[in-house]
Amino acid sequence: MGQFPEVDPNLDLPALDARILELWRDRKVFQRSVDQRVGAEPFVFYEGPPTANGRPGVHHVEARVFKDLFPRFKTMRGYRVDRKGGWDCHGLPVELEVEKELGLKDKQAIETYGVEAFNARCRESVERYVDAFEQLTERIGFWIDASQAYRTMDTSYVESVWWALAELHRRGLLVEDYKVSPYCPRCQTTLSDAEVAMGYKEVEDLTAYVALPATTGTLAEEGAALLVWTTQPWTLVPNVSVVVGPGIDYVLVEATGEDGRARKLVVARERVAAAVGEDARVLRPVPLEELLGTRYQRAFEEIPVSEEEAARGWTVVADEYVTTSDGSGLVQTSPAYGAEDLAVGQRYNTPVLHPVGLDGKFGPETGWLAGRFVKAADADLVGDLRRRGLLWRAETHTHAYPFCWRCATPLIYYALTSWYARTTAVKDRLLAENARIGWRPEHIRDGRFGDWLANNVDWALSRSRYWGTPLPLWRCEEQHVTVVESLADLSAKAGRDLSGIDPHRPFVDEVTLACPECGQEARRVPDVLDAWFDSGSMPFAQWGYPHTPEGRAAFERAFPADFISEGIDQTRGWFYSLLAVSTLLFDQTSFRNVVCLGLIVDRNGRKMSKSLGNVLDPFQLLDRYGADPLRWFMLASGSPWASRRLFPEAIEDVTRSLFLTLWNTYSFFCLYARLEGFHPVRSTGGATSAPPGPPTPLDRWVLAELADTVDQVTRSLDDYDATSAARRLAGFVDDLSNWYVRLSRRRFWRGTGDDADAAFGTLWTCLRTVAVLLAPYAPFTAEELWQGLVVSVDSEAPDSVHLVDWPRPDPAAADPELSAAMAEVRRLVGLGRQARTEAKLKIRQPLARALIGVPDPVRAGVAGLLDLVAAELNVKEVGFAEGEAGLVGYRLAPNFRALGPRFGRDAQAVAAALRQAPPGVAAELAPRLRAGERVELAVEGLGTVELGPDEAAVVEEPVTGWRVVRDGATTVALDLEVSPELRLEGLARDLVRAVQDLRKSAGLEVADRIELAVKAGGDVAAAVAAHRDYLLGETLATSLHTAPQGDGHDARVELDGQEVRLWLRPVRAVDA
RNA sequence: GGGCCUGUAGCUCAGGCGGUUAGAGCGCAUCCCUGAUAAGGAUGAGGUCCCAGGUUCAAGUCCUGGCAGGCCCA
């Protein structure tokens, strides 16, 4: 058997990390931790692929640490947890990164540069950033198999996605539709709702109330105009109808405008004051029937229209979506530029004017507007309306407007054709499956995510871009669509071998097919796929399903996932795409449990962003503090799903309060275990265990706390609650260090008997178990402890903590009564210290007696621990006040839990009577209540009331003239009298202390023996004489002189008002 | 404008089912202890538990309405 290591009391975590990383590599620990569970029940984890379009930030550490914790925990619990990495490679973010690098400004520039070269650069960019992510992954100890990582750009992955689309098409769930979408004119692409959501900004826009003169009916005869409100004046150019609400009351009002001209306007009754003005005069109601079909003058007539079109448009129609929450209650429509507008246009068969180009600029048919970006034309358009007398009022209006989340260009709503996944067809199934998912936090299920699903709309999949999975759709002149589901399928349909082709643009664009229906040439639909569909397909696409037998087997083994974890922003990103894709294809959710994570923000609660300059570089933090404190911070502070403030001091705090505390305990153990030759004993089962030395109450207490910690940590982690588990574990480490070890120190010195064995054995068991519990959280520190505590002394133990089985809670060790009693003891010690502080009597001065009072339920437990109180308070004797005749008084305390329900509003009166019971009454009632009897008490306003022992608690208190300190029902009375004997004893302790200081400054080891000389007079000399053995024993002195004996270390100290001279010299080992 | 979350000490955060003394850590001040020592501990100051109503014998906790911040969506 080896020896425990020498431990450097200074903890250097970054150096420790490097050591451990090497150990893991050498011993292939990750691989073995998975392999040793061969045949075990699988626990399935899915890696949500990060988009490799930039350097990783601290938020990536957050997600990756959670993705590491639970798989490690489950592995130790006996599951087989395969962890396949993954990378999201496609999509606009990557393209934008490359555009920036190449200085390309728009799609035209990309075409000129060449799609093949552009996509090659995209591929390179992705591969470059993947490297940085892999470094971070290793550095933080995130165990995931990077060598087997799936990449959404790989051929087999693309083929799987093609299969998915083909499958949807077969089932009629992939359709093409003409639809208005949020559109970025700079990127020249539509955006998904999730993308739009990322780019809302508060802006001031010019809004206009416009008076459109009626040209038919009674309104025209009266010279009235329709008042419409728009936040986007440019949409009046392609306007084709005005919509009113069927449930809304309209009126005709007369008012004078800014230009001094009186007008008659049709407006919703509710909106008169807001839209027209307080002084508007209501002339008459306008019934809906009168309004409907009324024709009006176009606001702008730049765009030529045919007679036929003119006949179908520019009339008043009705639809439910009109509200009176703002505007005038009359809404203008331009079907190509608004989703509701298009719906109304289709319903009433209005013309569609589509004068805006893909670049967001007005086309040539718009006359003076041609070539202008629509949003930039608003001001001039309003000016033009004013000149022509059609403007009622214009004003700026602050509202949230969507901008392109990557390039910050204002989006416009724009009609294009797109391919859609018909998620609305499976909406009920989405909702039902969502109900089965274990969400952390739970409110996401019915709140944010459930609402989103309830309002589900079809998923627009088309992107008019370059670097993405090409839509596997080929179309001929006759508009017949052919769907391809693999390269083999493509080869067959194209009539030549294309199995080696890169399934990206431009290569697949060049492949043409003979249409199976009509034989004409079919060309690929040029769009690529929304990258969210790629990542949502990972459950099967990561295995190349269903194109190979191995892929099919792997998918079936690992579907659905037991656990995923990502930022809460993925609710409408990956969480949705995963659920939607798997429900469409397999009619079930692809994940059973999901832990959502909040934002990591700076110390002021602001988002970290490059522009604010408040970004923390994870690599710098790791180099400075090591991985474990950062991991712990992510896992243990606050709520994972709330945004959390991260700054260096927060990590330093973790280091100090947890890791340094643990490290001190560990180095303390190793120091004395080496010194005293302690070895854990191997039991027959092969595992080492604590020796069976008789445990002290303190030993039993700490083992009970340990058992409770194992139990609670296990339960919490089973429940995906990392934070509660971490708090319990940190609490135990604190208890172990600052209570168990502190009170047990002397047992580790010169201790070879049963008591020392029990102490060493207990501490070793605790530290060893902490190492195991800590392993999923802080894999580096846990490993270091395991190596030192176990591997160094037991060659047959697992050679890594990460190969160890998770500890089972030990119900036999749990002891809630002892825990409660010890908590009370700690409260007593705190009160005793307070008494000493107030009396200015330092702990080193022994005192004769203390009397205590504690609540009845813990009394028996505390009785067995009184020596701990005595030792901590340096008091000779501690006793309950009860036995001391004349030294005890009683109070009665109300128990509201019992009194409240029984007495209702009189409970307060009963409580007061109890509290104010005179000492004599309390003294008489107390013993009877304790004996379980019911007693009678006079209560003002109620007469005599009978109370049971559960309704009134007895509090006993010392009533001496001593220093008394109280906290609730806990009381300590200290006898402050210092007798001459106690004084000498105190001086002896002072002297010991001074000698120890000298030993320390002389550089002696803790076990060195010394010759000692003390030159002093008066009481100090008397103290030396009276406590000679104590003095020698405490200072490891073999002889005591009254004067220096030659060379040595000496010091002068002042004790008891006089100078004392100390001298010492180490004794050679042979002399001892 | 809507949905959800959050609001407790100077700072970061705990506070099952409502129960009468609201806690911890950090920071600050004053001390103590020291054979874990470039550690450890104690005591103290510091709180209208965001505000206003309500329910209740009893509200940090439950309800309603506000306010502020965050996230998501219009």
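All chains are named by letter (A, B, ...) in the order of the sequence lines, taking the proteins before the strands, and each is independently numbered beginning at 1. Note that the structure is predicted; figures quoted are calculated from it, not measured.
- When Watson-Crick and G-U wobble pairs are counted only if both distances are under 3.5 Å, B/A22 pairs with no nucleotide at all.
- Counted by atom type alone, A/R836 and A/N874 present zero donor-acceptor pairs between their side chains at under 3.5 Å.
- The pair A/R742-A/E872 counts as a salt bridge, with a side-chain nitrogen and a carboxylate oxygen less than 4.0 angstrom apart.
- The gap from the P atom of B/A24 to that of B/A9 amounts to 14 Å, rounded to the nearest Å.
- Rounded to a whole Å, the CZ atom of A/R897 is 6 Å from the P atom of B/G19.
- Looking at the side chain of A/T837, the nearest of the listed nucleotides B/C4, B/C26, B/U43 is B/U43.
- Atom P of B/C5 sits at a distance of 16 Å from the matching atom of B/G66, rounded to the whole Å.
- A/Q908 comes within contact range of at least one nucleobase, with a heavy-atom separation under 4.0 Å.
- For B/C4, neither phosphate oxygen OP1 nor OP2 lies less than 4.0 angstrom from any side-chain nitrogen or oxygen of A/R448.
- Note: A/F678 and A/F4 have parallel aromatic rings, judged against thresholds of 30 and 60 degrees for the angle between ring planes.
- For the P atom pair drawn from B/U43 and B/U48, the interatomic distance equals 23 Å after rounding to whole Å.
- The base-pairing partner of B/G60, taking Watson-Crick or G-U wobble contacts with both distances under 3.5 Å, does not exist among the strands shown.
- Using a 4.0 Å heavy-atom criterion, one finds that A/R445 contacts no nucleic acid atom at all.
- Remark: the A/E705 side chain and the A/S819 side chain contain an N/O donor-acceptor pair separated by less than 3.5 Å.
- Across the strands present, B/A68 finds its partner in B/U6; the criterion is a Watson-Crick or G-U wobble pair with both atom distances under 3.5 angstrom.
- Here the side chain of A/R844 is nearest to one of B/C33, B/C72, B/A36, namely B/C33.
- Residue contacts shown for A/P441 are absent, as no nucleic acid heavy atom lies under 4.0 Å away.
- For the pair A/L579/A/F449, a side-chain contact is recorded, criterion being any heavy-atom separation below 4.5 Å from C-beta on.
- Using a 4.0 Å heavy-atom criterion, one finds that A/T665 contacts the bases of the nucleic acid, with or without backbone contacts as well.
- Atom name P, nucleotides B/C63 and B/G7: the rounded distance is 14 Å, in whole Å.
- B/C17 makes up no base pair with any nucleotide shown, lacking Watson-Crick or G-U wobble contacts both under 3.5 Å.
- Residue contacts for A/F669: at a heavy-atom cut-off of 4.0 Å it reaches no nucleic acid atom on any strand shown.
- In terms of phosphate contacts, A/Q570 brings no side-chain nitrogen or oxygen within less than 4.0 Å of OP1 or OP2 of B/C72.
- Rounded to a whole angstrom, the distance from the P atom of B/C11 to that of B/U55 is 34 Å.
- In this structure, A/W739 places its CH2 atom 14 Å from C1' of B/C33, rounding to the nearest Å.
- For B/G41, the OP1/OP2 oxygens have a side-chain nitrogen or oxygen of A/N738 closer than 4.0 Å.
- A/V601 comes within contact range of no nucleotide atom at all, as no heavy-atom separation falls under 4.0 Å.
- If you measure from atom CG of A/D8 to atom P of B/A39, you get 13 Å, rounded to the nearest angstrom.
- Nucleic acid contact for A/R833: sugar-phosphate only, since backbone atoms but no base atoms lie under 4.0 Å from a heavy atom of the residue.
- Under the stacking criterion of a centre-to-centre distance below 5.5 angstrom and an interplanar angle below 30°, A/F903 is not stacked against the six-membered ring of B/C57.
- Other residues, nucleotides and ligands place more than 12 heavy atoms under 6.0 Å from the CD atom of A/Q996.
- Contact check on A/R728 versus A/D711 returns no salt bridge, with no Lys/Arg side-chain nitrogen under 4.0 Å from an Asp/Glu carboxylate oxygen.
- Each of A/L671 and A/I843 has a nearest nucleotide on RNA chain B; the 5'-most of these lies closest to A/I843.
- Residue A/I568 contributes atom CD1, which lies 10 Å from atom C1' of B/G70 at whole-angstrom precision.
- Counting only heavy atoms from C-beta on, A/R572 has its side chain closest to B/C73 among B/C5, B/C73, B/A36.
- As a whole-Å value, the separation of A/N874 CG from B/C33 C1' is 11 Å.
- B/A45: no Watson-Crick or G-U partner with both key distances under 3.5 Å is found in any strand.
- Between the C1' atoms of B/C50 and B/U61, the separation comes to 16 Å (whole Å).
- Counting non-hydrogen atoms under 4.0 angstrom, A/R989 reaches the backbone sugars and phosphates but no base.
- Of the candidates B/A36, B/C4, B/G44, B/G44 carries the atom nearest the A/Q834 side chain, counting heavy atoms from C-beta on.
- At the phosphate of B/A36, OP1 or OP2 sits under 4.0 Å from a side-chain N or O atom of A/R745.
- Between the side chains of A/Y401 and A/Q232, at least one donor-acceptor pair of N or O atoms lies under 3.5 Å.
- Base engagement by A/R742 is indicated by at least one non-hydrogen atom pair under 4.0 Å involving a base atom.
- Rounded to whole angstrom, the span from the CG atom of A/N456 across to the P atom of B/C73 amounts to 14 Å.
- Side-chain contact, A/W439 with A/D446: no donor N or O sits under 3.5 Å from an acceptor N or O.
- The ring pair (Phe, Tyr, Trp, His ring centres under 6.0 Å) test with A/F748 singles out one residue from A/Y672, A/F760, A/F669, and that residue is A/F760.
- Contacts of A/D451 with the nucleic acid, taken as non-hydrogen atoms under 4.0 Å apart, involve only primed sugar atoms and P, OP1 or OP2.
- Taking only distance into account, the side chain of A/S737 meets the base of B/A36 through a donor-acceptor pair shorter than 3.5 Å.
- Between A/R645 and B/U12, a side-chain N or O to OP1/OP2 separation shorter than 4.0 Å is present.
- Nucleotide B/U55 forms a pair with no other nucleotide shown, judged by Watson-Crick or G-U wobble geometry with both contacts under 3.5 Å.
- For the C1' atom pair drawn from B/C32 and B/G70, the interatomic distance equals 44 Å after rounding to whole Å.
- Minimum atom distance to the side chain of A/F647 is reached by B/U12, of the listed B/G19, B/U12, B/C73.
- At a threshold of 4.0 angstrom between heavy atoms, the contacts of A/K1000 are confined to the sugar-phosphate backbone, with no base atom among them.
- Across all strands shown, B/C32 is found opposite B/G40 as a Watson-Crick or G-U wobble partner, with both distances under 3.5 Å.
- B/G40 atom P lies 13 Å from atom CG of A/L11, rounded to whole Å.
- Look at the C1' atom in both B/G46 and B/G65: the space between them is 32 Å, to the nearest Å.
- Listed nucleotides: B/G70, B/A36, B/C5. Nearest to the side chain of A/H443: B/C5.
- The CZ atom of A/R727 sits 12 Å away from the P atom of B/G16 (whole-angstrom rounding).
- A/R902 comes within contact range of no nucleotide atom at all, as no heavy-atom separation falls under 4.0 Å.
- Comparing A/D734 and A/L599 along RNA chain B, the residue whose closest nucleotide (by nearest heavy atom) sits nearer the 5' end is A/D734.
- Residue contacts shown for A/R993 include a base, since a base heavy atom lies under 4.0 Å away.
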